[in-house]
Protein chains: 2
Amino acid sequence: MAKNLYQFNVAGSPVYVGSTALEELKSHLSTHYSEKDGIIILADENTHEHCYPLLIEEVPRLSHAFKIVIPAGESQKTLETCERVWNQFAVAGANRRSLLINLGGGMISDLGGFTGAVFHRGMDFIHIPTSLLGMVDASMGGKTGVDLYSLKNLIGVFSNPKAVYVWPRFLKTLPLRQLLSGYAEMMKHALIADYNFWSRLIAIPMAVISDWESYIVEAIKIKAEIVNRDPLETGDRLLLNFGHTLGHAFETWSLRHDEKPLTHGEAIAMGIICETYISYRTAGLSIVERDEIVKRILLNFNSYKIPTLAIDELVEITNYDKKNQRGRPMLTLIRNIGNAVAGQAVEPALIRESFFRFTDFVK
Amino acid sequence: MAKNLYQFNVAGSPVYVGSTALEELKSHLSTHYSEKDGIIILADENTHEHCYPLLIEEVPRLSHAFKIVIPAGESQKTLETCERVWNQFAVAGANRRSLLINLGGGMISDLGGFTGAVFHRGMDFIHIPTSLLGMVDASMGGKTGVDLYSLKNLIGVFSNPKAVYVWPRFLKTLPLRQLLSGYAEMMKHALIADYNFWSRLIAIPMAVISDWESYIVEAIKIKAEIVNRDPLETGDRLLLNFGHTLGHAFETWSLRHDEKPLTHGEAIAMGIICETYISYRTAGLSIVERDEIVKRILLNFNSYKIPTLAIDELVEITNYDKKNQRGRPMLTLIRNIGNAVAGQAVEPALIRESFFRFTDFVK
């Protein structure tokens with residue numbers, strides 16, 4: 001692998017991407033972070049087992065950091081887990097001058113970022129994403145949060161990491177299902193902003209991609225460009241929400257009912273199918289592109305069947321979405337591949353219809 | 001009462017003070033807040049009983065707002081209470097475009113501000129302080145938070161209210177003990193920054209003050225001036241912390257052990273006595289001023305006796321203070337009345353000594 005290092009700025013945070021990203025971290029520990037009053041590493045059981053040893057190999061000094069390990073899985077993204085983490089912060093003697101390192105996927109950066117951002121009214125944190133989803137999406141842009149009553153990210157703040165270190169080698173520790181989760185967000189990045197990236201993504205089957213770095217770099221470029229136009233999500237940043245309003249409904253539903261819930265990316269893939277259908281019905285998306293998108297998603301994602309009886313609850317969940325205005329869901333839709341429009345009020349009847357059509361598509 | 005209106009800016013938030021403050025609010029409801037997607041009022045059982053009716057009389061339109069009432073008292077400033085509030089936000093259909101009105105003392109503005117600041121990653125809120133403590137201190141400056149394991153404000157964020165409306169008439173609803181709590185913070189404002197204000201404060205017994213407005217205005221002036229120099233508390237704002245490091249220890253101890261715990265102000269008054277003693281021992285405070293301060297505080301506050309056995313726990317609690325650096329408590333001390341210095345590392349032995357001396361002072 002070539003010794004590449006790409007650097008981005010996302011909402012004011014530097015993002016280092018490439019095979020030497022952890023060398024950057026190593027050097028920053030002696031410079032930017034040398035005055036820190038203690039270092040804490042937060043990992044989940046999976047990243048502790050598979051990624052922590054690699055991290056220590058690359059940055060041996062971190063073996064002295066205080067370690068906090070929490071159970072893995074989206075269902076752990078709760079206030080109860082936060083309390084356990086805060087308890088450990090107190091045990092570690094952490095204060096607002098300490099540094100928190102979040103080692104993991106989207107769950108760890110969302111929850112870890114939140115626990116840091118509100119501990120002593122704000123402790124610095126950095127992210128080391130270990131999943132594809134984390135590398136292209138969750139770890140950058142400053143969104144942190146946890147779920148409440150299974151409602152996604154109901155409690156959270158915008159708080160930017162001091163830096164993000166994206167080291168693609170961690171992906172080799174990842175099962176296919178987790179890779180796919182990130183692939184869904186990449187597809188979304190392409191669908192809302194870049195037809196060429198979409199073409200490149202679908203040119204080869206996801207399962208045969210072995211060198212992810214160039215894909216990651218392209219996806220981050222899209223995310224950075226949109227987030228930097230609107231860090232606090234008052235306008236353009238909502239574009240990144242494509243697939244998420246209805247995707248979050250699937251995710252909440254699954255967290256409530258499935259023993260092994262959907263991954264975030266699987267739920268988003270399903271949300272993209274529904275919102276693509278709505279885009280076709282009200283935003284001028286052609287039937288040709290509609291079918292291409294649905295086909296490409298179904299090629300990669302296992303067909304997850306929702307019982308027709310679940311649709312009432314799915315519709316009800318969308319009533320609690322963060323982006324609702326005066327009780328109506330506001331969606332991001334696409335006019336064509338690579339061109340999205342945010343803030344579209346959609347009738348509940350059409351949302352219901354899209355869930356019904358979903359059950360058709362995945363038959 | 002004259003129709004006065006004073007306006008301040010504290011950390012970017014407008015603060016309206018005076019007998020017409022609620023008229024300002026009434027007019028802002030039709031202007032600044034007219035686009036809000038629902039209004040929620042948070043009160044505790046006391047302010048709901050005594051202040052809410054006055055508020056509705058002055059601003060009748062607010063009778064249509066969604067009301068959330070929580071139990072009163074510092075011991076309620078917990079994550080459990082936050083969860084109950086968030087649950088009610090969801091019931092109310094609140095979203096990030098709603099407006100939260102915090103009607104109450106420091107507990108309500110601390111907890112309410114936090115619940116709003118992290119709901120859907122940030123819902124606007126305004127404060128209507130109803131206690132003297134809220135009017136001169138807690139409601140302004142953007143500090144929000146709740147306690148965890150009785151540790152004060154362990155979890156919180158800096159988040160500024162959209163505005164603060166200080167209507168002194170609410171003070172007539174307040175029992176003397178609650179007035180005293182705010183009086184302690186006023187004394188602190190004077191001690192760190194303004195000898196003349198101190199002289200004015202001690203010129204007449206607190207119990208005979210009936211028109212608080214001019215005192216409130218002076219206290220806010222001091223707070224505003226210091227906070228605006230350093231909104232995020234990286235330097236000068238720490239001056240406001242005088243009396244609080246050891247005061248928080250008393251407060252935590254009392255929350256853990258007393259059936260009827262100390263008010264915040266009572267704990268701060270005790271903290272001021274200890275930190276005044278430390279100021280005398282290490283910061284050049286004269287014995288004359290030391291004794292004057294201690295005497296004035298004991299004139300107003302009931303002598304609260306701590307068992308000598310409690311001192312170990314009090315010292316231990318200070319080890320968890322937010323302002324600690326590398327494990328050592330950092331205090332604000334006073335050189336003389338009206339002149340403070342922040343960031344003073346103090347030996348644990350001297351902290352222990354000050355607690356012992358406290359038991360002498362209040363004999």
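Below, chain A is the first sequence line, B the second, and so on; all start at residue 1. Only this structure's heavy atoms are used, side chains among them; waters, hydrogens and symmetry mates stay out.
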Original post:
Checking A:Ile155 against chain B: side chain, backbone, both or neither under 4.5 Å from a heavy atom?
Top reply: both

**OP:** Under 4.5 Å heavy-atom distance to chain B, tell me which part of A:Lys36 shows up: side chain, backbone, both or neither.
**Re:** backbone

Original post:
Taking only heavy atoms into account, what residues of residues 85-95 of chain A are found under 4.5 Å from chain B?
Top reply: A:Trp86, A:Asn87, A:Ala90, A:Asn95

**OP:** Determine which residues belonging to residues 108-117 of chain B lie within contact range of chain A, meaning some heavy atom pair is under 4.5 Å apart, and list them by number or answer 'none'.
**Re:** B:Phe114, B:Ala117

Original post:
For A:Leu151, is it the side chain, the backbone, both or neither that has a heavy atom under 4.5 Å from a heavy atom of chain B?
Top reply: neither

Subject >> Max heavy-atom pair count under 4.5 Å with chain A, selected residue of B:Lys143, B:Arg96, B:Glu233, B:His120 >> reply: B:His120

Original post:
Which heavy-atom pair separates B:Arg121 from A:Val157 by the least distance, and what is that distance?
Top reply: CD-O, 3.7 Å

Subject >> Under 4.5 Å from a heavy atom of chain A, the part of B:Leu154 involved >> reply: both

Original post:
Which region of B:Phe119, side chain (C-beta onward) or backbone (N, CA, C, O), has a non-hydrogen atom less than 4.5 Å from a non-hydrogen atom of chain A, or is it both or neither?
Top reply: both

Subject >> Option that, when pairs with chain B are counted at under 4.5 Å, heavy atom only, ranks first among A:Gly156, A:Gly38, A:Gly122 >> reply: A:Gly156

Subject >> Under 4.5 Å from any heavy atom of chain B - which part of A:Thr144 >> reply: backbone

Subject >> Per-residue contact mode, A:Phe158 against chain B (heavy atom under 4.5 angstrom) >> reply: both

